[in-house]
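Please read these numbers as outputs of a predicted model, since none were measured by experiment. This chain uses plain numbering: 1 for the first residue, then up along the sequence. Side chains are part of it too, since the values below use all heavy atoms of this structure and drop only hydrogens, waters and symmetry mates.
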Amino acid sequence: MFFVEARYHHSPKRAADQVRYIAHREEGLRDGQRRDLYGIGPRYRAFRGDERAIRRALVEDARGLRNPVYFRFILTVDTRTAGRFARLDARLAERVLRDSVDKTFHGAARGVQGVFAVHQHGGEGRPAHPHVHALLSPRLQDGSRTHLSPRAIQAVRERWEREVLRGLERQERRIEQVRQERTP
């Protein structure tokens, strides 16, 4: 079973700090290296991973809202699926996860915007477990307040698993086709 954690808070400063955390938090990253940040929605996609601009935008999106709500998601896969990801090139695995995040939020929480980073580290004595940290803006793409009901969060959970498995199967089929073409 895939794991999806959804939490929220009301602090623009905390949201800005979380962007820093998701960009820099990973075992093996040293000397100022960071994970690539990707946008959810056209406005955040246009920042092209510019951490400063993303942090500013998240703070600005809270202006005028009495009690802004920032949703933070951690989306991960089960152990069996992590094993399947381990057979893929790291860049290809990240691509599958990125596409899955886009399709998940577009399909299950239409209009949300924000930022995410793909992490591929494991734990002590555990193989790499690909997962995604996503932080949503308190405003939708149309400028209205972001509100995700428990039903919408459940839709994100269900869509996440479906999109990851669909993307992973697509890549595995492509790899198998290439393998068959190379063997006479």
Which heavy atom of [X] sits nearest to which heavy atom of [Y], and what is that distance?
{"X": "Ala90", "Y": "Gln120", "value": "O-NE2, 3.3 Å"}
{"X": "Ala62", "Y": "Pro12", "value": "CB-CG, 3.7 Å"}
{"X": "His10", "Y": "Pro68", "value": "ND1-O, 2.9 Å"}
{"X": "Ile22", "Y": "His119", "value": "O-NE2, 2.8 Å"}

Using the rule that Ile, Leu, Val, Met, Phe, Trp and Tyr join whenever any side-chain heavy atoms are under 4.5 Å apart, tell me whether [X] and [Y] fall into a single cluster.
{"X": "Phe47", "Y": "Val115", "result": "yes"}
{"X": "Phe85", "Y": "Ile175", "result": "yes"}
{"X": "Val112", "Y": "Ile153", "result": "yes"}
{"X": "Val101", "Y": "Leu92", "result": "yes"}
{"X": "Leu97", "Y": "Ile74", "result": "no"}

Between [X] and [Y], does any side-chain donor sit less than 3.5 Å from a side-chain acceptor?
{"X": "Gln18", "Y": "His9", "result": "yes"}
{"X": "Gln154", "Y": "Glu158", "result": "yes"}
{"X": "Tyr38", "Y": "Glu94", "result": "yes"}

salt_bridge([X], [Y]) N-O dist < 4.0 Å:
{"X": "Arg174", "Y": "Glu176", "result": "no"}
{"X": "Lys103", "Y": "Asp99", "result": "no"}
{"X": "Arg91", "Y": "Asp89", "result": "yes"}
{"X": "Asp17", "Y": "Lys13", "result": "yes"}

- Task: Verify side chain to side chain contact (heavy atoms under 4.5 Å, CB included) between Arg43 and Gln141, making sure each step is shown before the conclusion.
- Result: CA-CA 8 Å; Arg43 178 171 177 235; Gln141 292 172 21; over 6 Å; no
- Item | From CA spacing to verdict: side chain to side chain contact (heavy atoms under 4.5 Å, CB included), Val19, Leu37 | CA-CA 9 Å; Val19 170; Leu37 291 171; 4.0 Å; yes
Are any side-chain N or O atoms of [X] and backbone N or O atoms of [Y], one a donor and one an acceptor, separated by less than 3.5 Å?
{"X": "Arg139", "Y": "Arg63", "value": "yes"}
{"X": "Arg159", "Y": "Ser100", "value": "no"}
{"X": "His106", "Y": "Ile40", "value": "no"}
{"X": "Thr81", "Y": "Leu165", "value": "no"}
{"X": "Thr146", "Y": "Ser137", "value": "yes"}

So, taking the atom named [atom1] in [X] and the one named [atom2] in [Y], what distance separates them when rounded to the nearest 0.5 Å?
{"X": "Arg98", "Y": "Asp36", "atom1": "CZ", "atom2": "CG", "answer": "8.0 Å"}
{"X": "Arg14", "Y": "Arg72", "atom1": "CZ", "atom2": "CZ", "answer": "8.5 Å"}
{"X": "Gln171", "Y": "Arg166", "atom1": "CD", "atom2": "CZ", "answer": "14.0 Å"}
{"X": "Arg157", "Y": "Glu161", "atom1": "CZ", "atom2": "CD", "answer": "12.0 Å"}

- Message: As a quick check of understanding, evaluate side chain to side chain contact (heavy atoms under 4.5 Å, CB included) for Ile54 and Leu135, giving each step before the final call.
- Response: CA-CA 11 Å; Ile54 291 167; Leu135 180 63; over 6 Å; no
[X] vs [Y] side-chain heavy atoms within contact, under 4.5 Å:
{"X": "Leu168", "Y": "Arg84", "value": "yes"}
{"X": "Arg45", "Y": "Asp102", "value": "yes"}
{"X": "Arg145", "Y": "Leu140", "value": "no"}
{"X": "Arg170", "Y": "Val96", "value": "no"}
{"X": "Phe2", "Y": "Thr76", "value": "no"}
{"X": "Val77", "Y": "Pro130", "value": "yes"}
{"X": "Leu136", "Y": "Gln113", "value": "no"}

- Can you check side chain to side chain contact (heavy atoms under 4.5 Å, CB included) on Leu148 and Tyr8, steps first, answer last? CA-CA 10 Å; Leu148 294 178; Tyr8 69 91; over 6 Å; no
- Message: Taking the ring of Phe116 and the ring of Phe73, is the distance between their centroids below 6.0 Å?
- Response: no
- Could you walk me through whether His133 and His131 pass the ring-ring contact (aromatic ring centres under 6.0 Å, His included) test, one step at a time? CA-CA 7 Å; His133 291 263; His131 60 282; 5.1 Å; yes
